[in-house]
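Notes to accompany the following structure.
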Amino acid sequence: MNRLDKLQLIYPESYERDSLIRIQQEISKQVTIEDLFDKLQLIGGVDCALIKDSIICSVVVMDYKTMEIIEKASVIEPVAFPYIPTFLSFREAAPMINAVLQLKNIPDILMIDGCGINHPRTAGLATHIGVSMDIPTIGIAKNILCGVSDEPEYVSDAKALMYNRIQVGWYLKSSKRSNPIVIAPGHRVSIKTSLTIVRNCLRGYKLPEPTRNAHLEAGRIKQEIKNEQ
DNA sequence: GCGACAG
DNA sequence: ATCTTGTCGC
């Protein structure tokens, strides 16, 4: 696949529903959920916030072992596409990728706020970004888009998330009071490893540290912008 | 046909 | 996602 083809996965030439579905089919054709990474030293969290007709996207790079923040980067861009369930990528993938491209330290894996392979066409936001950039990704969602799962009962407990009778991820009780979160491979990470990595990034909050910090950072920037206008 | 539906 | 203070519960 050449550079232009890759660009069109993120900036479609047509926003017709059928064209977008064809792009998602191409993404799902290329995704792998084998563990394809050698080292895991730097992990990045990515999240977006909205302000009027703009989208703020922040990425926070952390040391996987110590959970120390290494670097942050953010972009703000006009919103290019509305929110339509199962088509979130066409709204958030481009700004997220642009934020990651600002970084000096490219993370070994990205934790992205959204679905991975737990998507009707196996092409959630984390998978879309993973395949487009050819980088390992994990999807972290607060709600189930598709699939079914039993309720995890105690902190750190996880139940399989099933879709079409196959496991596509996990429903994880990440903290004492919060509702469970949804974990799934995005790209180049196995179902089993995605859970292990997320568990290792939990520090008593609902969200794993990389995603939690990205969420906080995007929120801070949003406040700054609000205060000066 | 009806309802559900990441952010 | 976003609009938003207090408030119930551990």
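Letters go in sequence order (proteins before strands), and every chain restarts at 1.
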Identify whether any heavy atom of F87(A) sits under 4.0 Å from a base atom; if not, whether one sits that close to sugar-phosphate; answer base, sugar-phosphate or nothing. base
Whole angstrom is fine here: how far is it from CD1 in I56(A) over to P in dA1(C)? 13 Å
Using a 4.0 Å heavy-atom cut-off across all strands, classify D113(A) as base, sugar-phosphate, or nothing. sugar-phosphate
The side chain of K226(A) lies closest to which of these nucleotides: dA6(B), dC3(C), dA1(C)? dC3(C)
Hey, are D113(A) and K142(A) close enough for a salt bridge, meaning a charged N less than 4.0 Å from a carboxylate O? yes
Looking at the side chain of K176(A), which of dC10(C), dG7(B), dC5(B) is the nearest nucleotide? dC10(C)
For the atom pair CD1 (I10(A)) and CZ (F90(A)), what is the distance rounded to the nearest 0.5 Å? 10.0 Å
Hey, is Y83(A) stacking on dG7(B)? Ring centres under 5.5 Å, planes under 30°. yes
Check every atom of dA1(C), dA6(B), dC10(C) against the side chain of L50(A) and return the nucleotide holding the closest atom. dA1(C)
Figure out the CD/C1' separation between Q223(A) and dT2(C), and round it to whole Å. 12 Å
State whether a side-chain donor-acceptor pair under 3.5 Å links R188(A) with T137(A). no
Given I76(A), which of I221(A), I51(A), I55(A) fulfils the side-chain contact (heavy atoms from CB on, under 4.5 Å) condition? I51(A)
Let's see if you can work this out: which of dC5(B), dA1(C), dG9(C) has an atom nearest to the side-chain heavy atoms of L145(A)? dC5(B)
Just to be sure I understand the rule, does K52(A) reach a base, reach only the sugar-phosphate, or reach nothing, if contact means heavy atoms closer than 4.0 Å? nothing
Rounded to whole Å, please give me the gap between NE2 in H119(A) and C1' in dG7(B). 12 Å
Rounded to whole Å, NZ of K142(A) lies from P of dC5(B) at a distance of 16 Å
In whole Å, I'd like the distance from the CG atom of D47(A) to the P atom of dA6(B). 15 Å
Any side-chain N or O of K222(A) under 4.0 Å from OP1/OP2 of dA1(C)? no
Which whole-number value in Å describes the distance from W170(A) CH2 to dA6(B) P? 22 Å
Considering only side-chain heavy atoms of A49(A), which listed nucleotide, dT2(C), dC5(B), dG9(C), is closest? dT2(C)
Does N118(A) put a side-chain nitrogen or oxygen below 4.0 Å from OP1 or OP2 of dA6(B)? no
M96(A) CE to dA1(C) P, in whole Å, measures 11 Å
Gap between atoms CZ and P, on R91(A) and dC5(B) respectively (whole Å): 18 Å
Can you tell which of H187(A), Q30(A), M1(A) makes a side-chain contact (heavy atoms from CB on, under 4.5 Å) with D134(A)? H187(A)
Counting only side-chain heavy atoms from C-beta out, which of dA1(C), dG9(C), dA6(B) sits nearest to H215(A)? dA1(C)
